[in-house]
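To start, the structure itself, in C-alpha coordinates.
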Amino acid sequence: MKKFTKISTLFILLSVLCGSFLIQIQAKESTKANGEGELLDKIMERGELIVGTSPDFPPNEFIDTTKTGQDQYVGSDMDFARYIADEMGVKLTIKAMDFDAVLASLGNGQIDMAITGITKTPERMDAMEMSESYYDENGESSWQGLLIKADKKDVYTKLRDFKGKKVAVQAGSLQDYYVKTQLKEANIQYITGLNDGINLLKNGSVDAVACAYGTGQDFAKQNEGIHMSKQLLFKLNPDYMGTRVGIPKGEIALLNKTNEIIQQVRDKGLYEEWYQAAVNYDKQRIEGNFLQRTWKIAVRYWPMFLEGLGMTLGLAFVTVLGGTLIGTAFALIKLSKNRFIQLLSSAYVEAIRGTPLLLQLWLFVSIFAAINSDIPMLVSVIVALIINSSAYVAEIIRGGILSVDKGQWEAAKSLGMSNQHMMVKIIFPQAIKSILPSLGNEFIMMVKETSLASSFYIGELMSVNNIVKTATYFSLEPLTIAAIIYLIVTYSLSKLVKYMERRMRVSD
(Lines give C-alpha, C1' and ligand atoms only; values in the text may rest on other atoms or scores of the structure.)
Protein backbone atom coordinates (compact mmCIF):
# COMPACT_ATOMS: atom_id res chain seq x y z
CA MET A 1 0.00 0.00 0.00
CA LYS A 2 2.85 2.38 0.88
CA LYS A 3 4.58 1.61 -2.40
CA PHE A 4 1.36 2.35 -4.30
CA THR A 5 1.00 5.65 -2.46
CA LYS A 6 4.56 6.65 -3.35
CA ILE A 7 4.03 5.77 -7.00
CA SER A 8 0.76 7.71 -7.07
CA THR A 9 2.42 10.72 -5.49
CA LEU A 10 5.26 10.61 -7.99
CA PHE A 11 2.95 10.43 -10.97
CA ILE A 12 0.82 13.27 -9.56
CA LEU A 13 3.99 15.35 -9.26
CA LEU A 14 5.00 14.55 -12.84
CA SER A 15 1.47 15.36 -14.03
CA VAL A 16 1.58 18.74 -12.27
CA LEU A 17 4.93 19.57 -13.88
CA CYS A 18 3.67 18.56 -17.34
CA GLY A 19 0.48 20.51 -16.76
CA SER A 20 2.44 23.62 -15.80
CA PHE A 21 4.50 23.29 -18.97
CA LEU A 22 1.39 22.95 -21.12
CA ILE A 23 -0.23 25.94 -19.39
CA GLN A 24 2.83 28.03 -20.25
CA ILE A 25 2.58 26.97 -23.88
CA GLN A 26 -1.15 27.75 -23.86
CA ALA A 27 -0.42 31.17 -22.40
CA LYS A 28 1.94 31.85 -25.28
CA GLU A 29 -0.72 30.75 -27.74
CA SER A 30 -3.30 33.01 -26.06
CA THR A 31 -0.94 35.95 -26.39
CA LYS A 32 -0.59 35.23 -30.10
CA ALA A 33 -4.36 34.87 -30.48
CA ASN A 34 -4.76 38.40 -29.11
CA GLY A 35 -2.70 39.75 -32.01
CA GLU A 36 0.45 40.37 -29.97
CA GLY A 37 2.70 38.14 -32.05
CA GLU A 38 6.19 39.46 -32.76
CA LEU A 39 7.33 36.86 -35.26
CA LEU A 40 7.87 39.35 -38.08
CA ASP A 41 10.24 41.39 -35.90
CA LYS A 42 12.12 38.21 -34.94
CA ILE A 43 12.48 37.21 -38.60
CA MET A 44 13.88 40.62 -39.51
CA GLU A 45 16.18 40.62 -36.48
CA ARG A 46 17.75 37.24 -37.20
CA GLY A 47 17.76 37.85 -40.97
CA GLU A 48 16.25 34.46 -41.74
CA LEU A 49 12.85 33.21 -42.84
CA ILE A 50 12.19 29.55 -42.01
CA VAL A 51 9.65 27.90 -44.31
CA GLY A 52 8.31 24.37 -43.87
CA THR A 53 7.31 22.25 -46.84
CA SER A 54 6.49 18.68 -47.75
CA PRO A 55 8.47 18.16 -50.97
CA ASP A 56 6.28 15.42 -52.41
CA PHE A 57 3.70 17.53 -54.23
CA PRO A 58 4.84 18.31 -57.78
CA PRO A 59 4.72 20.74 -59.49
CA ASN A 60 4.31 22.91 -56.37
CA GLU A 61 7.20 21.46 -54.36
CA PHE A 62 9.52 18.56 -55.05
CA ILE A 63 13.21 17.66 -54.87
CA ASP A 64 15.80 17.82 -57.65
CA THR A 65 18.30 15.16 -56.58
CA THR A 66 20.95 16.57 -58.94
CA LYS A 67 21.23 19.55 -56.60
CA THR A 68 22.23 19.85 -52.95
CA GLY A 69 21.37 21.94 -49.92
CA GLN A 70 18.63 24.53 -50.23
CA ASP A 71 18.85 24.47 -54.04
CA GLN A 72 17.43 20.94 -54.19
CA TYR A 73 13.94 22.18 -53.24
CA VAL A 74 12.25 23.21 -56.47
CA GLY A 75 8.75 23.90 -57.78
CA SER A 76 6.43 26.88 -57.99
CA ASP A 77 5.90 27.16 -54.22
CA MET A 78 9.66 27.13 -53.61
CA ASP A 79 10.15 29.96 -56.12
CA PHE A 80 7.39 31.82 -54.30
CA ALA A 81 9.09 31.26 -50.92
CA ARG A 82 12.35 32.63 -52.30
CA TYR A 83 10.52 35.69 -53.60
CA ILE A 84 9.00 36.35 -50.15
CA ALA A 85 12.43 36.11 -48.49
CA ASP A 86 13.96 38.44 -51.09
CA GLU A 87 11.20 41.00 -50.57
CA MET A 88 11.76 40.86 -46.82
CA GLY A 89 15.50 41.17 -47.33
CA VAL A 90 16.30 38.00 -45.39
CA LYS A 91 17.84 34.62 -46.05
CA LEU A 92 15.51 31.72 -46.80
CA THR A 93 15.83 28.39 -45.00
CA ILE A 94 13.57 25.59 -46.23
CA LYS A 95 12.82 22.74 -43.83
CA ALA A 96 11.53 19.58 -45.47
CA MET A 97 9.25 17.22 -43.54
CA ASP A 98 6.05 15.21 -43.89
CA PHE A 99 2.88 17.20 -44.58
CA ASP A 100 1.48 16.50 -41.10
CA ALA A 101 4.79 17.54 -39.56
CA VAL A 102 4.69 20.86 -41.47
CA LEU A 103 1.34 21.78 -39.95
CA ALA A 104 2.42 20.64 -36.48
CA SER A 105 5.74 22.53 -36.73
CA LEU A 106 3.87 25.71 -37.61
CA GLY A 107 1.92 25.41 -34.38
CA ASN A 108 4.92 24.69 -32.14
CA GLY A 109 7.19 27.40 -33.53
CA GLN A 110 9.66 25.28 -35.50
CA ILE A 111 8.90 27.18 -38.70
CA ASP A 112 7.74 30.71 -39.55
CA MET A 113 5.55 29.80 -42.52
CA ALA A 114 4.05 26.74 -44.15
CA ILE A 115 4.23 26.88 -47.94
CA THR A 116 3.26 23.46 -49.23
CA GLY A 117 0.25 23.71 -51.52
CA ILE A 118 -2.02 24.59 -48.59
CA THR A 119 -5.66 25.31 -49.24
CA LYS A 120 -8.40 26.39 -46.86
CA THR A 121 -10.23 23.82 -44.77
CA PRO A 122 -12.40 24.49 -41.69
CA GLU A 123 -9.85 22.82 -39.40
CA ARG A 124 -6.90 24.82 -40.73
CA MET A 125 -8.74 28.12 -40.38
CA ASP A 126 -9.07 27.40 -36.65
CA ALA A 127 -5.45 26.28 -36.23
CA MET A 128 -3.53 28.97 -38.14
CA GLU A 129 -3.69 32.29 -39.91
CA MET A 130 -4.17 31.83 -43.64
CA SER A 131 -2.98 34.37 -46.18
CA GLU A 132 -4.83 35.62 -49.19
CA SER A 133 -4.65 33.20 -52.09
CA TYR A 134 -1.43 33.57 -54.07
CA TYR A 135 -2.69 31.33 -56.84
CA ASP A 136 -6.36 31.27 -57.76
CA GLU A 137 -6.14 28.39 -60.13
CA ASN A 138 -8.37 28.43 -63.18
CA GLY A 139 -9.17 25.51 -65.43
CA GLU A 140 -7.37 22.24 -64.94
CA SER A 141 -4.95 23.55 -62.31
CA SER A 142 -7.86 24.13 -59.89
CA TRP A 143 -9.44 20.70 -60.31
CA GLN A 144 -9.45 18.05 -57.58
CA GLY A 145 -10.23 14.45 -58.40
CA LEU A 146 -9.30 10.78 -58.30
CA LEU A 147 -6.40 8.79 -59.69
CA ILE A 148 -7.41 5.28 -60.74
CA LYS A 149 -5.88 2.33 -62.54
CA ALA A 150 -5.88 2.82 -66.30
CA ASP A 151 -7.71 -0.45 -66.89
CA LYS A 152 -10.54 0.74 -64.61
CA LYS A 153 -11.39 3.98 -66.42
CA ASP A 154 -14.40 2.35 -68.06
CA VAL A 155 -15.52 0.88 -64.73
CA TYR A 156 -15.32 4.09 -62.67
CA THR A 157 -17.00 6.85 -64.68
CA LYS A 158 -18.65 8.87 -61.90
CA LEU A 159 -18.07 9.54 -58.22
CA ARG A 160 -20.98 7.42 -57.02
CA ASP A 161 -19.23 4.35 -58.48
CA PHE A 162 -16.96 4.46 -55.40
CA LYS A 163 -19.67 3.43 -52.97
CA GLY A 164 -17.99 0.92 -50.65
CA LYS A 165 -14.63 1.34 -52.45
CA LYS A 166 -11.32 2.28 -50.83
CA VAL A 167 -10.05 5.78 -51.52
CA ALA A 168 -6.59 6.87 -50.32
CA VAL A 169 -6.18 10.47 -49.16
CA GLN A 170 -3.77 12.54 -47.08
CA ALA A 171 -5.28 13.28 -43.66
CA GLY A 172 -6.26 16.91 -43.19
CA SER A 173 -5.81 17.81 -46.85
CA LEU A 174 -8.34 19.60 -49.05
CA GLN A 175 -8.93 16.27 -50.81
CA ASP A 176 -9.80 14.79 -47.41
CA TYR A 177 -12.57 17.39 -47.11
CA TYR A 178 -13.94 16.62 -50.58
CA VAL A 179 -13.83 12.85 -50.06
CA LYS A 180 -15.68 13.16 -46.73
CA THR A 181 -18.36 15.46 -48.18
CA GLN A 182 -18.81 13.99 -51.69
CA LEU A 183 -17.83 10.32 -51.25
CA LYS A 184 -19.59 9.68 -47.96
CA GLU A 185 -20.10 5.97 -48.68
CA ALA A 186 -16.49 5.31 -49.68
CA ASN A 187 -13.97 3.74 -47.31
CA ILE A 188 -11.18 6.22 -46.57
CA GLN A 189 -7.58 4.98 -46.38
CA TYR A 190 -5.33 7.66 -44.91
CA ILE A 191 -1.78 8.01 -46.25
CA THR A 192 1.21 10.18 -45.29
CA GLY A 193 2.26 10.96 -48.87
CA LEU A 194 0.99 10.61 -52.42
CA ASN A 195 3.81 8.24 -53.35
CA ASP A 196 2.49 5.78 -50.78
CA GLY A 197 -1.01 6.18 -52.21
CA ILE A 198 0.24 5.47 -55.73
CA ASN A 199 1.92 2.29 -54.51
CA LEU A 200 -1.30 1.18 -52.79
CA LEU A 201 -3.23 1.91 -55.97
CA LYS A 202 -0.84 -0.05 -58.18
CA ASN A 203 -0.88 -3.13 -55.95
CA GLY A 204 -4.66 -3.06 -55.61
CA SER A 205 -4.89 -2.14 -51.93
CA VAL A 206 -7.03 0.91 -52.77
CA ASP A 207 -9.31 1.71 -55.69
CA ALA A 208 -8.43 5.40 -56.06
CA VAL A 209 -6.18 8.16 -54.76
CA ALA A 210 -7.59 11.66 -54.18
CA CYS A 211 -5.27 14.45 -55.34
CA ALA A 212 -5.03 17.68 -57.31
CA TYR A 213 -5.62 17.14 -61.01
CA GLY A 214 -2.26 18.57 -62.11
CA THR A 215 -0.37 16.48 -59.58
CA GLY A 216 -2.27 13.38 -60.64
CA GLN A 217 -1.34 14.02 -64.27
CA ASP A 218 2.31 14.30 -63.26
CA PHE A 219 2.17 10.94 -61.49
CA ALA A 220 0.32 9.34 -64.43
CA LYS A 221 3.06 10.46 -66.83
CA GLN A 222 5.73 8.80 -64.71
CA ASN A 223 3.83 5.62 -63.83
CA GLU A 224 2.35 3.32 -66.43
CA GLY A 225 -1.02 1.84 -65.62
CA ILE A 226 -2.57 4.74 -63.69
CA HIS A 227 -4.95 7.37 -65.00
CA MET A 228 -6.18 10.81 -63.87
CA SER A 229 -9.75 10.96 -65.09
CA LYS A 230 -11.67 14.13 -66.00
CA GLN A 231 -14.84 12.19 -65.27
CA LEU A 232 -13.94 11.78 -61.59
CA LEU A 233 -13.65 15.37 -60.43
CA PHE A 234 -15.03 16.81 -57.22
CA LYS A 235 -17.45 19.72 -57.20
CA LEU A 236 -15.30 22.58 -55.93
CA ASN A 237 -16.30 24.75 -52.98
CA PRO A 238 -15.45 28.40 -53.85
CA ASP A 239 -14.72 29.16 -50.20
CA TYR A 240 -11.79 26.73 -50.19
CA MET A 241 -10.27 27.47 -53.58
CA GLY A 242 -6.86 29.04 -53.95
CA THR A 243 -3.43 28.21 -52.53
CA ARG A 244 -2.37 30.00 -49.37
CA VAL A 245 0.45 30.50 -46.91
CA GLY A 246 0.02 29.09 -43.39
CA ILE A 247 1.16 31.46 -40.62
CA PRO A 248 1.18 30.86 -36.83
CA LYS A 249 -2.01 31.89 -35.07
CA GLY A 250 -2.05 35.52 -33.97
CA GLU A 251 0.93 36.65 -36.07
CA ILE A 252 -1.06 39.42 -37.74
CA ALA A 253 1.94 41.60 -38.65
CA LEU A 254 3.54 38.72 -40.54
CA LEU A 255 0.20 37.91 -42.15
CA ASN A 256 -0.21 41.49 -43.39
CA LYS A 257 3.34 41.59 -44.73
CA THR A 258 2.80 38.29 -46.54
CA ASN A 259 -0.45 39.54 -48.07
CA GLU A 260 1.37 42.66 -49.35
CA ILE A 261 3.92 40.46 -51.12
CA ILE A 262 1.17 38.19 -52.45
CA GLN A 263 -0.51 41.22 -54.01
CA GLN A 264 2.74 42.04 -55.82
CA VAL A 265 2.98 38.45 -57.09
CA ARG A 266 -0.60 38.56 -58.34
CA ASP A 267 -0.20 41.96 -60.00
CA LYS A 268 2.90 40.82 -61.89
CA GLY A 269 1.51 37.36 -62.73
CA LEU A 270 4.65 35.77 -61.33
CA TYR A 271 3.16 32.59 -59.88
CA GLU A 272 1.72 31.52 -63.23
CA GLU A 273 5.25 31.73 -64.66
CA TRP A 274 6.70 29.70 -61.79
CA TYR A 275 3.94 27.12 -62.10
CA GLN A 276 4.45 26.57 -65.84
CA ALA A 277 8.21 26.33 -65.35
CA ALA A 278 7.63 23.65 -62.66
CA VAL A 279 5.21 21.73 -64.92
CA ASN A 280 7.84 21.72 -67.69
CA TYR A 281 10.67 20.85 -65.28
CA ASP A 282 12.99 18.22 -66.74
CA LYS A 283 12.15 15.00 -64.90
CA GLN A 284 14.09 11.94 -65.97
CA ARG A 285 11.74 9.03 -66.39
CA ILE A 286 12.79 5.58 -65.23
CA GLU A 287 11.36 2.79 -67.34
CA GLY A 288 11.40 -1.00 -67.34
CA ASN A 289 9.98 -3.72 -65.10
CA PHE A 290 10.24 -3.71 -61.32
CA LEU A 291 13.73 -5.25 -61.13
CA GLN A 292 15.05 -3.01 -63.91
CA ARG A 293 13.65 0.11 -62.26
CA THR A 294 15.06 -0.92 -58.88
CA TRP A 295 18.51 -1.44 -60.39
CA LYS A 296 18.42 1.88 -62.27
CA ILE A 297 17.35 3.75 -59.14
CA ALA A 298 20.08 2.06 -57.08
CA VAL A 299 22.75 2.97 -59.65
CA ARG A 300 21.57 6.56 -60.02
CA TYR A 301 21.02 7.33 -56.34
CA TRP A 302 23.59 5.14 -54.58
CA PRO A 303 25.57 8.15 -53.23
CA MET A 304 22.41 9.40 -51.50
CA PHE A 305 21.63 5.98 -50.03
CA LEU A 306 25.25 5.66 -48.87
CA GLU A 307 25.07 9.08 -47.19
CA GLY A 308 21.78 8.11 -45.57
CA LEU A 309 23.33 4.90 -44.27
CA GLY A 310 26.18 6.90 -42.74
CA MET A 311 23.70 9.15 -40.95
CA THR A 312 21.72 6.12 -39.76
CA LEU A 313 24.79 4.40 -38.30
CA GLY A 314 25.99 7.66 -36.77
CA LEU A 315 22.61 8.25 -35.12
CA ALA A 316 22.52 4.69 -33.79
CA PHE A 317 26.07 4.98 -32.39
CA VAL A 318 25.48 8.34 -30.70
CA THR A 319 22.15 7.09 -29.37
CA VAL A 320 23.56 3.92 -27.81
CA LEU A 321 26.61 5.76 -26.45
CA GLY A 322 24.49 8.46 -24.83
CA GLY A 323 21.90 5.90 -23.77
CA THR A 324 24.61 3.80 -22.11
CA LEU A 325 25.90 6.72 -20.05
CA ILE A 326 22.44 7.77 -18.89
CA GLY A 327 21.25 4.16 -18.57
CA THR A 328 24.21 3.29 -16.35
CA ALA A 329 23.30 6.11 -13.99
CA PHE A 330 19.69 4.97 -13.75
CA ALA A 331 20.73 1.33 -13.34
CA LEU A 332 22.88 2.26 -10.33
CA ILE A 333 20.05 4.39 -8.94
CA LYS A 334 17.66 1.43 -9.18
CA LEU A 335 20.20 -0.66 -7.23
CA SER A 336 20.60 1.94 -4.47
CA LYS A 337 19.00 1.55 -1.06
CA ASN A 338 17.24 4.91 -1.18
CA ARG A 339 13.60 4.06 -1.84
CA PHE A 340 12.68 7.46 -3.25
CA ILE A 341 15.35 7.59 -5.93
CA GLN A 342 14.68 3.92 -6.66
CA LEU A 343 11.07 4.83 -7.27
CA LEU A 344 12.08 7.82 -9.41
CA SER A 345 14.32 5.64 -11.58
CA SER A 346 11.65 2.97 -11.95
CA ALA A 347 9.06 5.58 -12.98
CA TYR A 348 11.48 6.96 -15.61
CA VAL A 349 12.23 3.54 -17.08
CA GLU A 350 8.60 2.44 -17.14
CA ALA A 351 7.38 5.74 -18.64
CA ILE A 352 9.90 5.56 -21.49
CA ARG A 353 9.46 1.85 -22.17
CA GLY A 354 5.67 2.15 -21.92
CA THR A 355 5.25 4.79 -24.65
CA PRO A 356 5.98 4.55 -28.40
CA LEU A 357 9.21 6.02 -29.75
CA LEU A 358 7.34 8.01 -32.41
CA LEU A 359 5.29 9.70 -29.69
CA GLN A 360 8.50 10.54 -27.80
CA LEU A 361 10.04 12.02 -30.96
CA TRP A 362 7.07 14.33 -31.44
CA LEU A 363 7.04 15.22 -27.74
CA PHE A 364 10.70 16.23 -27.65
CA VAL A 365 10.47 18.13 -30.94
CA SER A 366 7.53 20.10 -29.50
CA ILE A 367 9.19 20.69 -26.12
CA PHE A 368 12.46 21.91 -27.66
CA ALA A 369 10.54 24.16 -30.04
CA ALA A 370 8.63 25.67 -27.10
CA ILE A 371 11.90 26.28 -25.23
CA ASN A 372 13.79 27.71 -28.22
CA SER A 373 12.57 27.49 -31.80
CA ASP A 374 16.16 27.94 -33.05
CA ILE A 375 17.20 24.51 -31.74
CA PRO A 376 17.77 22.28 -34.80
CA MET A 377 15.26 19.48 -35.21
CA LEU A 378 18.16 17.01 -35.44
CA VAL A 379 19.09 17.84 -31.83
CA SER A 380 15.53 17.16 -30.66
CA VAL A 381 15.51 13.82 -32.49
CA ILE A 382 18.89 12.75 -31.05
CA VAL A 383 17.82 13.61 -27.50
CA ALA A 384 14.58 11.65 -27.92
CA LEU A 385 16.48 8.62 -29.26
CA ILE A 386 19.02 8.78 -26.42
CA ILE A 387 16.31 9.03 -23.76
CA ASN A 388 14.47 6.09 -25.32
CA SER A 389 17.61 3.96 -25.51
CA SER A 390 18.68 4.82 -21.94
CA ALA A 391 15.56 3.20 -20.47
CA TYR A 392 16.32 -0.11 -22.17
CA VAL A 393 20.07 0.10 -21.50
CA ALA A 394 19.35 0.77 -17.81
CA GLU A 395 17.64 -2.61 -17.52
CA ILE A 396 20.42 -4.31 -19.51
CA ILE A 397 23.10 -2.93 -17.19
CA ARG A 398 21.08 -3.59 -14.05
CA GLY A 399 20.60 -7.19 -15.14
CA GLY A 400 24.31 -7.54 -15.92
CA ILE A 401 25.32 -6.24 -12.49
CA LEU A 402 22.88 -8.55 -10.70
CA SER A 403 24.19 -11.50 -12.71
CA VAL A 404 27.54 -11.26 -10.94
CA ASP A 405 27.78 -13.96 -8.28
CA LYS A 406 26.95 -12.75 -4.77
CA GLY A 407 30.20 -14.28 -3.55
CA GLN A 408 32.09 -11.64 -5.49
CA TRP A 409 30.19 -8.89 -3.69
CA GLU A 410 30.82 -10.51 -0.30
CA ALA A 411 34.52 -11.04 -1.05
CA ALA A 412 34.96 -7.40 -2.02
CA LYS A 413 33.18 -6.26 1.13
CA SER A 414 35.34 -8.55 3.28
CA LEU A 415 38.43 -6.87 1.82
CA GLY A 416 37.10 -3.51 3.00
CA MET A 417 36.43 -2.10 -0.48
CA SER A 418 34.13 0.90 -0.83
CA ASN A 419 31.06 0.54 -3.03
CA GLN A 420 32.62 2.69 -5.74
CA HIS A 421 35.91 0.78 -5.69
CA MET A 422 34.08 -2.55 -5.69
CA MET A 423 31.98 -1.58 -8.70
CA VAL A 424 34.94 -0.34 -10.74
CA LYS A 425 37.39 -3.12 -9.89
CA ILE A 426 35.24 -6.21 -9.32
CA ILE A 427 31.61 -6.01 -10.44
CA PHE A 428 31.68 -4.04 -13.70
CA PRO A 429 34.54 -6.04 -15.32
CA GLN A 430 32.57 -9.25 -14.77
CA ALA A 431 29.20 -7.73 -15.69
CA ILE A 432 30.52 -6.48 -19.03
CA LYS A 433 30.60 -10.06 -20.37
CA SER A 434 26.84 -10.31 -20.15
CA ILE A 435 26.20 -6.65 -20.98
CA LEU A 436 28.17 -6.24 -24.24
CA PRO A 437 26.15 -8.67 -26.39
CA SER A 438 22.91 -7.05 -25.23
CA LEU A 439 24.32 -3.60 -25.99
CA GLY A 440 25.23 -4.89 -29.44
CA ASN A 441 21.63 -5.96 -29.94
CA GLU A 442 20.47 -2.54 -28.72
CA PHE A 443 22.69 -0.94 -31.39
CA ILE A 444 21.08 -3.16 -34.04
CA MET A 445 17.64 -2.17 -32.79
CA MET A 446 18.51 1.53 -32.93
CA VAL A 447 19.72 1.20 -36.53
CA LYS A 448 16.14 0.25 -37.38
CA GLU A 449 14.43 2.59 -34.90
CA THR A 450 16.06 5.66 -36.51
CA SER A 451 13.69 5.11 -39.44
CA LEU A 452 10.92 6.69 -37.34
CA ALA A 453 12.77 10.00 -37.55
CA SER A 454 12.14 10.18 -41.30
CA SER A 455 9.07 12.34 -40.66
CA PHE A 456 11.51 15.18 -39.98
CA TYR A 457 13.79 14.65 -43.03
CA ILE A 458 17.00 14.59 -40.97
CA GLY A 459 18.98 12.70 -43.62
CA GLU A 460 18.95 9.09 -42.39
CA LEU A 461 18.18 6.15 -44.68
CA MET A 462 14.39 6.40 -44.68
CA SER A 463 14.57 10.16 -45.32
CA VAL A 464 16.64 9.39 -48.40
CA ASN A 465 14.00 6.83 -49.37
CA ASN A 466 11.34 9.56 -49.18
CA ILE A 467 13.44 11.91 -51.31
CA VAL A 468 14.06 9.27 -53.98
CA LYS A 469 10.36 8.37 -54.01
CA THR A 470 9.54 11.99 -54.75
CA ALA A 471 12.19 12.28 -57.44
CA THR A 472 11.31 9.06 -59.26
CA TYR A 473 7.52 8.82 -58.64
CA PHE A 474 8.10 5.21 -57.56
CA SER A 475 7.52 3.98 -54.01
CA LEU A 476 8.19 0.25 -53.84
CA GLU A 477 11.55 0.33 -55.65
CA PRO A 478 13.32 2.76 -53.24
CA LEU A 479 11.77 0.89 -50.32
CA THR A 480 13.24 -2.34 -51.65
CA ILE A 481 16.69 -0.77 -51.89
CA ALA A 482 16.42 0.60 -48.33
CA ALA A 483 15.23 -2.80 -47.07
CA ILE A 484 18.22 -4.56 -48.65
CA ILE A 485 20.62 -2.07 -47.06
CA TYR A 486 19.01 -2.49 -43.63
CA LEU A 487 19.14 -6.28 -43.99
CA ILE A 488 22.84 -6.29 -44.94
CA VAL A 489 23.78 -3.95 -42.08
CA THR A 490 21.74 -5.66 -39.37
CA TYR A 491 22.83 -9.14 -40.50
CA SER A 492 26.50 -8.08 -40.39
CA LEU A 493 26.07 -6.52 -36.96
CA SER A 494 24.26 -9.58 -35.60
CA LYS A 495 27.15 -11.78 -36.79
CA LEU A 496 29.57 -9.44 -35.03
CA VAL A 497 27.56 -9.69 -31.80
CA LYS A 498 27.57 -13.50 -32.00
CA TYR A 499 31.35 -13.45 -32.57
CA MET A 500 31.77 -11.33 -29.42
CA GLU A 501 29.62 -13.79 -27.46
CA ARG A 502 31.79 -16.73 -28.58
CA ARG A 503 34.99 -14.92 -27.64
CA MET A 504 33.64 -14.15 -24.18
CA ARG A 505 32.59 -17.75 -23.61
CA VAL A 506 36.12 -18.87 -24.44
CA SER A 507 37.51 -16.64 -21.70
CA ASP A 508 35.14 -18.04 -19.05
Side-chain angles (χ1 to χ4, degrees), residues 54-58 62-66 72 96-99 147 149-150 166 168 170 189-207 209 211 215 218-226 283-316 357-358 444-495:
S54 177
D56 59 355
F57 191 64
F62 54 101
I63 290 176
D64 183 346
T65 55
T66 65
Q72 67 182 317
M97 58 193 82
D98 283 349
F99 184 77
L147 263 171
K149 282 189 173 182
K166 290 184 180 179
Q170 281 185 298
Q189 174 69 56
Y190 285 114
I191 53 176
T192 56
L194 288 177
N195 280 291
D196 297 326
I198 300 302
N199 187 49
L200 292 174
L201 177 63
K202 291 169 70 175
N203 66 29
S205 298
V206 298
D207 301 292
V209 179
C211 65
T215 302
D218 229 3
F219 275 101
K221 289 176 184 176
Q222 302 295 328
N223 290 266
E224 293 182 3
I226 63 175
K283 305 184 185 78
Q284 293 181 319
R285 180 168 177 171
I286 296 177
E287 299 179 333
N289 59 37
F290 172 78
L291 291 177
Q292 291 171 330
R293 292 195 303 268
T294 302
W295 174 252
K296 289 177 181 178
I297 291 173
V299 170
R300 182 179 298 178
Y301 296 103
W302 71 265
M304 293 181 64
F305 280 107
L306 190 61
E307 186 177 342
L309 174 61
M311 174 62 83
T312 295
L313 293 176
L315 275 176
L357 175 56
L358 185 58
I444 294 172
M445 285 296 299
M446 290 313 303
V447 167
K448 295 180 289 185
E449 295 288 357
T450 56
S451 63
L452 293 175
S454 61
S455 295
F456 309 103
Y457 278 77
I458 62 171
E460 38 63 61
L461 196 53
M462 286 305 291
S463 293
V464 172
N465 167 73
N466 291 340
I467 292 172
V468 173
K469 283 197 301 184
T470 303
T472 61
Y473 294 84
F474 292 106
S475 179
L476 190 57
E477 290 81 352
L479 279 172
T480 301
I481 297 168
I484 292 172
I485 294 173
Y486 275 119
L487 182 61
I488 292 172
V489 171
T490 55
Y491 179 78
S492 301
L493 289 173
S494 65
K495 287 295 183 183

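The chain is numbered in sequence order, starting from 1.
- Distance check, rounded to the nearest 0.5 Å: CG of Leu476 to CD1 of Ile198 gives 13.5 Å.
- Every residue meeting the ring-ring contact (aromatic ring centres under 6.0 Å, His included) condition with Phe219, not counting sequence neighbours, appears here in chain and number order: Tyr473.
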### Task
Could you check Met97 against Ile458 for side-chain contact (heavy atoms from CB on, under 4.5 Å), going step by step and ending with a plain yes or no?
CA-CA 9 Å; Met97 58 193 82; Ile458 62 171; over 6 Å; no

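- What you find for Ala316 and Thr450 is that their closest heavy atoms are N-CG2, 4.3 Å.
- Nearest heavy atom pair, residue Ser463 against residue Ser454, reads OG-CA, 3.5 Å.
- The salt bridge (charged side-chain N to carboxylate O under 4.0 Å, His left out) contacts involving residues 452-461 comprise nothing, where partners must be two or more places apart or lie in separate chains.
- Evaluation of the side chain to side chain donor-acceptor pair (under 3.5 Å) rule for Asp64 yields Thr66, Tyr281 as partners, not counting sequence neighbours.
- Looking at every heavy atom in both residues, Leu493 comes nearest to Val447 through CD1-CG2, 4.1 Å.
- Across all their heavy atoms, Thr472 and Pro478 have their closest contact at OG1-CG, 4.3 Å.
- Every residue meeting the side-chain contact (heavy atoms from CB on, under 4.5 Å) condition with Ile485, not counting sequence neighbours, appears here in chain and number order: Phe305, Leu309, Leu461, Ile481, Val489.
- The distance from atom CD of Gln189 to atom CG of Asp196, rounded to the nearest 0.5 Å, is 10.5 Å.
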### Query
Does the side-chain contact (heavy atoms from CB on, under 4.5 Å) test come out yes or no for Arg300 and Val468, once each step is laid out?
CA-CA 10 Å; Arg300 182 179 298 178; Val468 173; over 6 Å; no

#### Entry: Worked check of side-chain contact (heavy atoms from CB on, under 4.5 Å) between Ile444 and Ser494
CA-CA 7 Å; Ile444 294 172; Ser494 65; 4.0 Å; yes

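- When all heavy atoms of Leu200 and Asn203 are compared, the pair lying nearest together is O-OD1, 2.8 Å.
- For the atom pair Thr215 OG1 and Phe62 CZ, the distance stands at 10.5 Å (nearest 0.5 Å).
- The neighbour count for Tyr190 OH, taken as heavy atoms of other residues, nucleotides or ligands under 6.0 Å away, is above 12.
- Evaluation of the side chain to side chain donor-acceptor pair (under 3.5 Å) rule for Ser54 yields Asp56 as partners, not counting sequence neighbours.
- Here the OG1 atom belonging to Thr490 is positioned 6.0 Å from the NZ atom belonging to Lys448, to the nearest 0.5 angstrom.
- Applying the side-chain hydrogen bond (donor to acceptor under 3.5 Å, both in side chains) test to every pair with at least one member in residues 290-299, sequence neighbours left out, gives these pairs: Arg293-Glu477.
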### Task
Carefully, step by step, assess Glu449 and Met446 under the rule side-chain contact (heavy atoms from CB on, under 4.5 Å).
CA-CA 5 Å; Glu449 295 288 357; Met446 290 313 303; 4.0 Å; yes

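- The minimum heavy-atom distance between Gly459 and Val464, with the atom names listed, is O-CG2, 4.0 Å.
- A donor-acceptor contact shorter than 3.5 Å is absent between the side chain of Asn195 and the backbone of Ser475.
- One finds the SG atom of Cys211 at 9.0 Å from the CD1 atom of Ile191 (value rounded to the nearest 0.5 Å).
- Here the straight-line distance linking atom NZ of Lys202 with atom CD1 of Ile226 works out to 7.0 Å at 0.5 Å rounding.
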